[in-house]
Amino acid sequence: MNETITGAEALMRGLVAEGVDRVFGYPGGFIIPVYDQLYHYADKITHVLTRHEQGAIHAAQGYARASHRPGVVIVTSGPGATNLITGLSDAMMDSTPLVVITGQAPSSMLGTDAFQETDVIGITQPITKWSCQVRDADNVAPVLARAFHIATTGRPGPVVIDLTKDAQTGLTDFAYEKCRFIRSYSPVPDINRAHVKRVADMINASRRPMILAGQGVTISGAEDELRQLAEKAQIPVAFTLLGLSGLPTGHPLNKGLLGMHGNLGPNINTNQADLIIAVGMRFDDRVTGDVDSYARQAQIVHIDIDESEFNKNIRVNAMIHGDAAAVLRELLPLVNDATHQEWVDSFDRHYEVEKERIINQAAYPTDPDQPMRMGEMARKVSEQAGPCPILVTDVGQNQLLSARYFRYSAPRSIITSGGLGTMGFGLPAAIGAKMGAPERTVCLFCGDGGIQMTIQELGTIMQYGTAVKIIILNNNFLGNVRQWQDLFFDKRFSQTPMLNPDFVAIAHAYNITAENVEYRRDADAAIRRMMEHDGPYLLNVNIREEDMVMPMTPAGDNVDHIMLNPGEWYTNE
């Protein structure tokens, strides 16, 4: 016979049944019954009290992406729920699995403009994979089970459960059954073998093939299959920003980053390849540039779990609808061993130019008395971070340069806000990442602008002792906007200079060890002290204000029209 319990306890028992042992959140009036039950489940579920609801959801994102488990968030109604909107949008665009539980006014008060009543479902439907309001305790368990199934299957994403107060306090005969099927929802499609055969034939016939790998490879856990395919047919691989750790940085077929601030070789050769195989990526505008001139000479294959991405931005010649790992496993025995040595070597020619004109200056400058550059700081931290570190970034120049110059040795090694580009993402996401992968070193790179958007989450680090290594690349500017103003708006630096606080003093106020790094000669020792320290650590690094992210393809331009430095364009000769 089923036990009669409250809806709030049914929620707790359901979370335990789903294997949840950590949630992120912030209590409030219309979610108190859930928090009261959470008190009794403290031995099974650890609650992380962030300092703002946006911090909670970004931390849950970092946790999900580091641990390969869904992140869970619990907040109250009204402003508690609306403070999640940015994080929900971010998770939706970057395919991050979240189960978000919001409190709500009692059912009898809905529609009356009651205190802290907000139409959470109406607000969140466009930016979630599924959202549902629960007004009856009997529906708590089945809706929760469905939410986990939807959030974690197919193309993952965020779901919202809006729990009215009477659903939390009402009684239900509890039984929990995990959801494994929803009519009209087919998250894992059957792979069309004829499509696989056709793509294999295209690969076998190509002379200049190129793989473009996105975060879908990471979500699917397809890194090994990707490597096997690339090695078997000697196909160079380039990555989207979120896909960068799909192959180790030093792998000879890893040709680097695609897009606006990508490496020369992948961008130039996008318009030289005769076959492009896109795996788990969505042809974002930052990757393609001008779609009308994008890879017109190539046949294009698209492999994706989400069929809505097919032909959305770029018209393709063939597509395979399915999970990336499963599709690549089907492809592997049909693809011939091949050598495309001249084609693979062509990437190296472009890299040598990039190394001479950009990388040596950005990542290996030598004057000991000069302020640091962002790229060299990323390189130096990566070199001292030990095995399998995780890079977490905020958004802006700090993101792009750390992603370019950090070295990746294992899957799930970069966590950043890609599609939405959310400033303030980095600090809470790094907290979640460290909690999701406590055995790995988590290195957060952020700018002086972005960290101030969620700087209150230093309080979360203080409370839980989360050993995040924080590197503020401080140029006293909103650097990415400043770069665009410098290049395209005649150096009119409108509202981008920043008067910043003493970040080290703020860190000390939160009992976090911190120090300033003023000059290049100070950097190595400071990084060593940070890495040897057992707990959290903050470095505030003096960055020269004119530092830029190069190379750069201006927005909407051809992907192979590349600026090496201001006023200097790359000539592919």
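Scope of the values below: all heavy atoms of this structure, side chains included, with no hydrogens, waters or symmetry mates.
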Self-check item: From CD (Q168) to CD1 (I32), nearest 0.5 Å
Solution: 9.5 Å

Quiz item: Which residue pairs pass the salt bridge (Lys or Arg N to Asp or Glu O under 4.0 Å) test when at least one of the two sits in residues 388-411, sequence neighbours left out?
Solution: E354-R404

Quiz item: Would you say the side chains of H58 and Q61 form a donor-acceptor pair under 3.5 Å?
Solution: yes

Exercise. Provide the closest heavy-atom pair for I471 versus M377 in the form atom of the first, atom of the second, distance.
Key: CG2-CG, 4.1 Å

Quiz item: Can you name the nearest heavy-atom pair linking V99 to A151, along with the distance?
Solution: CG2-CB, 4.2 Å

Practice problem: Determine, stepwise, if the pair R13 / E9 fulfils salt bridge (charged side-chain N to carboxylate O under 4.0 Å, His left out). | Solution: CA-CA 6 Å; R13 292 193 184 186; E9 185 171 1; 3.2 Å; yes

Practice problem: Applying ring-ring contact (aromatic ring centres under 6.0 Å, His included) between H47 and each of Y26, Y41, Y35, F24, report the one that passes. | Solution: Y35

Quiz item: Does the side chain of I470 come within less than 4.5 Å of L539's, by heavy atoms?
Solution: no

Quiz item: Atom CG in N511, atom CD in Q463: separation rounded to 0.5 Å?
Solution: 12.0 Å

Quiz item: Is there a side-chain contact between T416 and L241, using heavy atoms and a 4.5 Å cut-off?
Solution: yes

Quiz item: When the ring centroid of H149 is compared with that of F181, is the distance short of 6.0 Å?
Solution: no

Quiz item: Within a strict 4.5 Å, meaning less than it, do heavy atoms of the V392 and K434 side chains meet?
Solution: no

Quiz item: Going from CG on L420 to CG on D90, what distance comes out if it is rounded to the nearest 0.5 angstrom?
Solution: 5.0 Å

Quiz prompt | Side chain to side chain, L11 and L163, heavy atoms closer than 4.5 Å | solution = yes

Quiz item: Can you tell me how far SG of C388 sits from CD of E439, rounded to the nearest 0.5 angstrom?
Solution: 9.0 Å

Quiz item: Hey, are the side chains of T240 and L212 touching, using non-hydrogen atoms and a 4.5 Å cut-off?
Solution: no

Self-check item: R155-S95 side chain donor-acceptor pair, cut-off 3.5 Å
Solution: yes

Exercise. Check whether the side chains of D162 and Q104 place a donor and an acceptor atom closer than 3.5 Å, and report yes or no.
Key: yes

Self-check item: Residue among L473, N474, N540, N398 satisfying side chain to side chain contact (heavy atoms under 4.5 Å, CB included) with D448
Solution: N474

Practice problem: Measure the CD1-CG distance between I45 and D21 for me, rounded to the nearest 0.5 Å. | Solution: 8.5 Å

Practice problem: Take the angle between the ring planes of Y408 and F406 and call it parallel below 30°, perpendicular above 60°, tilted in between. | Solution: tilted

Quiz item: In terms of side-chain heavy atoms, does R69 have a donor or acceptor partner in Y63 at a distance below 3.5 Å?
Solution: yes

Self-check item: Considering all heavy atoms, the nearest P106-D166 contact
Solution: CA-OD1, 3.4 Å

Quiz prompt | Steps toward salt bridge (charged side-chain N to carboxylate O under 4.0 Å, His left out) verdict (D284, R282) | solution = CA-CA 5 Å; D284 176 74; R282 58 191 178 87; 3.4 Å; yes

Practice problem: Start with the C-alpha gap between S308 and D306, add the side-chain angles, then the distance that decides, and say whether side-chain hydrogen bond (donor to acceptor under 3.5 Å, both in side chains) holds. | Solution: CA-CA 5 Å; S308 72; D306 184 357; 2.7 Å; yes

